[in-house]
S.K.: 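Would you mind keeping the following structure in view while I ask a few things?
Letters A, B, ... are given to chains in the order of the sequence lines, protein chains preceding strands, and every chain is numbered from 1.
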There are 2 protein chains.
Amino acid sequence: MIRIVVVDDHDVVRKGVISYLETEEHFDIVGEASSGHEGVITVLNKRPDVVLMDLMMENGSGMEATKAIKEALPECKVIILTSYYDDEQVFPVLEAGAFSYLLKTASAEEIVAAIEKAYHGETVIEPKVAHKVMTRFHRKDPELHEQLTEREREVLICLANGASNQEIADQLFIGIKTVKTHVSNILRKLDVHDRTQAAVYAHRHQLIKSS
Amino acid sequence: MIRIVVVDDHDVVRKGVISYLETEEHFDIVGEASSGHEGVITVLNKRPDVVLMDLMMENGSGMEATKAIKEALPECKVIILTSYYDDEQVFPVLEAGAFSYLLKTASAEEIVAAIEKAYHGETVIEPKVAHKVMTRFHRKDPELHEQLTEREREVLICLANGASNQEIADQLFIGIKTVKTHVSNILRKLDVHDRTQAAVYAHRHQLIKSS
DNA sequence: TTTTTACTCCGTCTTTAGTAGGAGGTATGT
DNA sequence: ACATACCTCCTACTAAAGACGGAGTAAAAA
């Protein structure tokens, strides 16, 4: 089952796409949203495998939503489904983390195929823009946590098990001040704003086994 | 591969048990410790499937360690391997979360079998005490998070995605004071001390998909 | 109807977390 | 000899989290 969320502010389009996708037995539409902001919340709660995202929406752009989703759920594939081809939009949204880029003129079969391919890690780009893209997006960004030192990794593991700074200090036999230094460095390197997000990061990236 | 940690303050016993267990190809001794306190840390970091735990240890009892492990990693099976049969000890340690209870007089084959059974969810209790136990430990404790209200669950999901109180307030369209109230109630109901532990709880119990 | 539960919000207080910047020690490699 | 990276600890500050107690509302259950 491929878990899917559809984000489009045009109700008719959204409902239509959904009802069609539902005819596919191995698709599971776990959520829908009518704005980028709603979309992010829905995606965070439902944690789908694939997101179908409209680029041009009234309140809250699909681009920002894509960026937010990509940051929070790097494994989640966002497929941009846009009304028209715009050179200005393509690259920013791909940089934002979009996985595939389709036009709404695509056939239903093409969209189904794109979802399946995305699920298996294969990108589909509209032919018109494909060649412009192929060159630039084969660099996978290095996992952020690879920047961490050994000690920082140890601290992160304790932190991600729910330990307070004082408890980490006790477990690693260092001062709480030192722990704070490490934590600050971890937060900076992982690009998160507090320890809870760092703990979430650790669990999402399986630095900690979750079950 | 069954991942195992051995905790025993008697070096000879510990080393002996380990070297025997290592002859089993499908066993992976991922850690060892010589005290309950060390044991907890090792288990949290290594996250084994099964823990062999001595009950009577000098510094830090196996009972407290068992309790700590069970709280942090409910899926981790702790097998108590004790020197003698003591009515006073059996029930507390089983209540603390021990999964099986063996005497050190057990044969190596019995221990191996107990590990394999524990891994597959089957409890082994020393015959002498088995009948006393069978009656009392078939109640599975209710998942703590079932006590949460709908709203609290929503808050927990946001929290476990790394949101601050203010961000939760914005997402749910309520005041930050209200969020604080909910968070306090969540912490109490989940029996944790801060939001990071609550986030960890949510990920461990799969209230949030972790990947 | 009364009671209970859930959700909302408030003020006050204490503790913890996190930032910023500096600083000394120890490796390690250039 | 020098530079770099890491680990350690420090002070001082600000912001956030959390505890505690109180309180109003609405809906559901007794």
S.K.: Check the distance between C:dA17's P and A:Ile176's CD1 and give it to me in whole angstrom.
M.R.: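 That distance rounds to 6 Å.
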
S.K.: What's the closest nucleotide to the side chain of B:Thr181 if the choices are C:dG18, D:dG18, C:dC10?
M.R.: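 Closest nucleotide to the B:Thr181 side chain: C:dC10.
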
S.K.: At under 4.0 Å, does any side-chain N or O of A:His193 touch on OP1 or OP2 of C:dG18?
M.R.: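 A:His193 to C:dG18 OP1/OP2: no side-chain N or O under 4.0 Å.
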
S.K.: Find the distance A:Phe173:CZ to D:dC9:C1' and express it as a whole number of Å.
M.R.: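 Those two atoms, CZ and C1', are 18 Å apart.
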
S.K.: Just compare D:dG18, C:dA17, D:dC9 and give me whichever is closest to any side-chain atom of A:Ile174.
M.R.: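 Looking only at side-chain atoms, A:Ile174 lies closest to D:dC9.
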
S.K.: How many Å lie between CG on A:Asn185 and C1' on C:dG21, as a whole number?
M.R.: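 After rounding, the reported distance stands at 13 Å.
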
S.K.: Should A:Glu64 and A:Lys67 count as an ion pair when the cut-off is N to O under 4.0 Å?
M.R.: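 So A:Glu64 does not pair with A:Lys67 through a salt bridge.
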
S.K.: Look at the side chain of A:Leu187 and decide which nucleotide, out of C:dT8, C:dG18, D:dT8, has an atom nearest to it.
M.R.: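 The answer is C:dG18, which lies nearest to the side chain.
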
S.K.: Can you check whether A:Ser164 has a side-chain N or O nearer than 4.0 Å to OP1 or OP2 of C:dT16?
M.R.: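 False: A:Ser164 side-chain N/O out of range (4.0 Å or more) of C:dT16 OP1/OP2.
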
S.K.: Using atom CD of B:Gln166 as one end and atom P of C:dA17 as the other, report the distance to the nearest whole Å.
M.R.: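 B:Gln166 atom CD is separated from C:dA17 atom P by 21 Å.
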
S.K.: Output yes when a side-chain donor or acceptor of B:Arg195 lies under 3.5 Å from a complementary backbone atom of B:Ala163, and no otherwise.
M.R.: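 Yes, because the side chain of B:Arg195 sits within donor-acceptor range (under 3.5 Å) of the backbone of B:Ala163.
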
S.K.: Of A:Leu156, A:Leu159, A:Val192, which meets side-chain contact (heavy atoms from CB on, under 4.5 Å) against A:Leu187?
M.R.: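 Exactly one option meets the side-chain contact (heavy atoms from CB on, under 4.5 Å) with A:Leu187, and it is A:Val192.
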
S.K.: Whether B:Ser184 contacts D:dG18 is assessed here as follows: a side-chain N or O lying under 4.0 Å from the phosphate OP1 or OP2. Is that the case?
M.R.: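 So the side-chain polar atoms of B:Ser184 never come under 4.0 Å of the phosphate oxygens OP1 or OP2 of D:dG18.
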
S.K.: Rounded to whole angstrom units, what separation is found between the CD atom of A:Glu167 and the C1' atom of C:dA17?
M.R.: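 My rounded result for the distance is 14 Å.
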
S.K.: Does OP1 or OP2 of C:dC7 have a side-chain N or O of B:Thr149 closer than 4.0 Å?
M.R.: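 Yes, within the criterion.
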
S.K.: Rounded to whole angstroms, how far apart are CD1 on A:Ile168 and C1' on D:dT8?
M.R.: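 Atom CD1 in A:Ile168 sits about 16 Å away from atom C1' in D:dT8.
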
S.K.: B:His182 has an atom NE2; how far is it from atom P of D:dC20, in whole Å?
M.R.: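 In whole Å, D:dC20 P and B:His182 NE2 are 18 Å from each other.
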
S.K.: Let me know, please, whether B:Lys180 or B:Asp194 comes out on the 5' side of the other along DNA chain C by nearest nucleotide.
M.R.: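 In this pair, the answer is B:Lys180.
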
S.K.: Looking only at side chains, do B:Glu116 and B:His26 share a donor and an acceptor under 3.5 Å apart?
M.R.: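 There is such a pair between these side chains.
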
S.K.: Answer yes or no: does a side-chain N or O of A:Lys177 lie under 4.0 Å from OP1 or OP2 of D:dT11?
M.R.: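 Yes, because at least one side-chain N or O of A:Lys177 sits under 4.0 Å from OP1 or OP2 of D:dT11.
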
S.K.: Between B:Asp194 (side chain only) and B:Thr196 (backbone N and O only), is there a donor and an acceptor less than 3.5 Å apart?
M.R.: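 Yes.
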
S.K.: Give the rounded distance in Å between these two atoms: CG of B:Leu190 and P of D:dG18.
M.R.: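 Rounded to the whole Å, the gap is 12 Å.
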
S.K.: By nearest atom, which of the nucleotides D:dC7, C:dC9, C:dC7 is closest to the A:Glu150 side chain?
M.R.: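 Among D:dC7, C:dC9, C:dC7, the one nearest the side chain of A:Glu150 is D:dC7.
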
S.K.: Could you tell me whether the phosphate oxygens of C:dA17, OP1 or OP2, come under 4.0 Å of any side-chain nitrogen or oxygen in A:Asn165?
M.R.: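 Result: yes.
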
